[in-house]
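In what follows, a structure is listed as structure tokens, so that the remarks can point back to it.
Each chain gets a letter, A, B and so on, in the order the sequences are listed, and its residues count up from 1.
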There are 2 protein chains.
Amino acid sequence: MSAEVPPGYDPYAFEPFAVTVDLAVFTVREHVLQALLIERGEEPYAGRWALPGGFVRREESAEEAARRELAEETGLSGPNAARLHLEQLRTYSDPGRDPRMRVVSVAFAALVPDLPEPRGGGDATGACWRPVADCTGLAFDHDRILADAHERVRAKLEYTCLGTAFCPAAFTLGELQQVYETVWGVALDRPNFRRKVLASPGFVERMPNAPRRTGGRGAPAALYRAGSAATLQPPLMRPEGRTP
Amino acid sequence: MSAEVPPGYDPYAFEPFAVTVDLAVFTVREHVLQALLIERGEEPYAGRWALPGGFVRREESAEEAARRELAEETGLSGPNAARLHLEQLRTYSDPGRDPRMRVVSVAFAALVPDLPEPRGGGDATGACWRPVADCTGLAFDHDRILADAHERVRAKLEYTCLGTAFCPAAFTLGELQQVYETVWGVALDRPNFRRKVLASPGFVERMPNAPRRTGGRGAPAALYRAGSAATLQPPLMRPEGRTP
DNA sequence: TCCTTTATAGTCAATTCGACTATAAAGGAG
DNA sequence: CTCCTTTATAGTCGAATTGACTATAAAGGA
């Protein structure tokens with residue numbers, strides 16, 4: 001490898017890499033933020049938990065690979081696939097992050113509503129939801145990826161309308177507030193929360209139907225669906241203004 | 001290149017890619033936001049302008065490659081290299097983004113103060129600063145990368161202390177305000193701007209020295225340096241709350 | 001029939017923000 | 001030297017937002 005290599009496509013400068021995608025898939029189940037994990041069936045890290053993912057194929061982009069892997073892992077398809085937020089997180093490229101060869105991984109964060117069942121499909125031994133607080137000791141650098149994705153989601157709830165991605169197609173403001181409280185780990189004042197949400201144009205819109213009761217007890221709540229806005233102005237900040 | 005497929009990897013799934021970094025380097029010069037471009041000397045796109053960048057080498061991460069390329073292209077080294085903000089933007093992986101082979105590019109955004117001179121150093125035919133508004137018709141998908149980076153910088157000025165990355169080690173509040181006005185393309189009220197900045201803990205801190213006059217005319221201004229905070233709470237929002 | 005839980009409507013004071021006014025300290029033009 | 005323009009910096013004031021509460025109604029369960 002000469003030091004005076006022109007930019008371009010000098011054969012000595014070109015190094016072959018494998019490119020993979022890794023997915024940090026989040027959902028809110030039973031008042032807890034959970035992540036989707038798979039149990040590795042092969043070396044290295046056989047038997048360890050890891051984020052779902054796989055190789056990017058020759059004819060697809062990283063986004064397409066991520067969507068394909070997500071469908072394989074969760075059984076997400078058709079109408080469900082539409083109610084899914086998938087965004088690129090960042091790329092992890094440390095030499096040595098895979099013990100055998102040079103692998104660059106494009107990480108994605110995905111937010112899905114509470115799905116019926118995870119499907120341990122395809123190549124993974126098993127797949128399951130696990131509270132993010134318990135997701136430690138993952139394979140490769142997946143602890144780090146998951147932590148980065150977790151903080152990204154926490155931060156994006158502040159200034160985007162992403163919270164609705166955790167909710168089903170129709171939801172109550174109480175359910176939306178639960179999402180915020182679960183992801184941020186704080187309690188929010190109910191009247192103030194609904195005042196903020198309803199004052200944010202395009203965040204939620206009322207469904208032209210009848211209300212229903214959700215958890216059984218309590219007064220029936222109005223149903224809302226996600227609005228057309230993508231960002232929140234002004235933002236809905238978490239208390240204690242922490243961004244650790 | 002070792003065609004040997006490591007054990008445990010599906011040989012049909014593994015596809016070799018080239019991995020590059022592309023840099024969107026921004027500075028504020030003469031009240032205009034400018035980006036660093038190089039003129040390509042080789043096919044494809046010979047003679048066209050492009051973002052600086054290059055291949056990731058076998059023993060380095062994408063971050064290290066980006067820092068290396070930036071040093072080669074701008075002559076940034078030693079003390080200057082410290083006053084530099086470099087952050088990963090996202091990865092571009094469309095098949096066909098390079099006409100000849102499968103290239104995945106990890107894009108970075110860099111913010112530097114007004115440097116003495118760009119250096120068309122090393123491998124590039126020529127390098128120059130160009131107002132971002134005039135940066136069109138770039139090679140590959142670099143128009144898109146630059147646009148994404150531009151919007152990222154605009155957005156991050158709102159909720160981080162990044163604005164100081166465009167300023168020299170010591171700066172006046174007027175200079176910092178110029179950065180915001182230039183990047184956002186709006187005029188800000190001077191008293192209100194300084195009130196917000198000074199009320200944000202850790203954004204700037206006064207230098208324990210004497211004031212000076214900057215542009216020649218006008219009263220002398222106090223000098224500040226970047227504080228220790230990374231994020232702004234509450235954010236400093238651009239007027240008209242636009243996030244196109 | 002209570003009692004607990006949840007939804008929803010208000011109130012009120014403190015804080016913040018946007019739009020201004022005012023004053024001082026340069027440098028340049030004449 | 002004397003305006004005049006430009007910039008820095010200190011305030012003011014009313015409107016809007018926010019955080020902390022109170023109040024009331026409508027469930028379901030014991």
| message | Strictly below 4.0 Å: does A:R194 bring a side-chain N or O up to OP1 or OP2 of C:dT8? | response | yes

| said: Let me spell it out: for each of A:L223 and B:G218, pick the nucleotide of DNA chain C with the closest heavy atom. Which residue's pick is nearer the 5' end? | reply: A:L223

| query | Nearest-Å distance, CE (B:M237) to P (D:dA16)? | reply | 17 Å

| said: I want to verify a distance call: between D:dA26, C:dA25, D:dG11, whose nearest atom is closest to the A:P220 side chain? | reply: D:dA26

| Please give, in whole Å, the distance from C:dT5 C1' to A:Q177 CD? | 14 Å

| Check: B:R195 side chain, C:dG18 base, donor-acceptor under 3.5 Å | yes

| Of B:E175 and A:P234, the one whose closest DNA chain D nucleotide lies more 5' | B:E175

| task | Ignoring backbone atoms, test whether B:K196 places a side-chain nitrogen or oxygen under 4.0 Å from the OP1 or OP2 oxygen of C:dT16. | result | no

| request: Establish, with yes or no, whether the OP1 or OP2 oxygen of C:dA7 is under 4.0 angstrom from a side-chain nitrogen or oxygen of A:R190. | output: yes

| message | Of the options C:dG10, C:dA7, C:dT21, whose atoms approach the side-chain atoms of A:P191 most closely? | response | C:dG10

| Does D:dG29 have a Watson-Crick or wobble mate here (both distances under 3.5 Å), and if so which one? | C:dC2

| query | Taking atom P of C:dT6 as reference, at what distance in whole Å does atom CZ of A:R217 sit? | reply | 6 Å

| request: Report the distance from atom CZ of A:R238 to atom P of D:dT18, rounded to the nearest whole Å. | output: 17 Å

| task | Please report, rounded to the nearest Å, how far the C1' atom of C:dT15 is from the CD atom of B:Q233. | result | 17 Å

| From CZ (A:R130) to CG (A:L37), nearest 0.5 Å | 5.5 Å

| Base partner of C:dA9, which must satisfy Watson-Crick or wobble distances under 3.5 Å | D:dT22

| Distance (rounded to the nearest 0.5 Å) between B:H150 NE2 and B:F26 CZ | 6.5 Å

| Which whole-number value in Å describes the distance from B:N192 CG to D:dC13 P? | 15 Å

| Quick one: does B:F166's side chain get under 4.5 Å of B:L33's, heavy atoms only? | yes

| Touch class at under 4.0 angstrom, heavy-atom based, for B:A222 against every strand present | sugar-phosphate

| query | Would you say B:L23 and B:L51 make side-chain contact, with heavy atoms under 4.5 Å? | reply | no

| query | What's the CD-P distance between B:E181 and D:dT7, to the nearest Å? | reply | 11 Å

| query | Does a side-chain heavy-atom distance below 4.5 Å link A:L176 with A:Y224? | reply | no

| message | Nearest to the side chain of A:A219, heavy atoms from C-beta on, is which of C:dA19, C:dT6, D:dT7? | response | C:dT6

| task | Quickly work out the A:L176 CG to C:dT6 C1' distance and round it to whole Å. | result | 16 Å

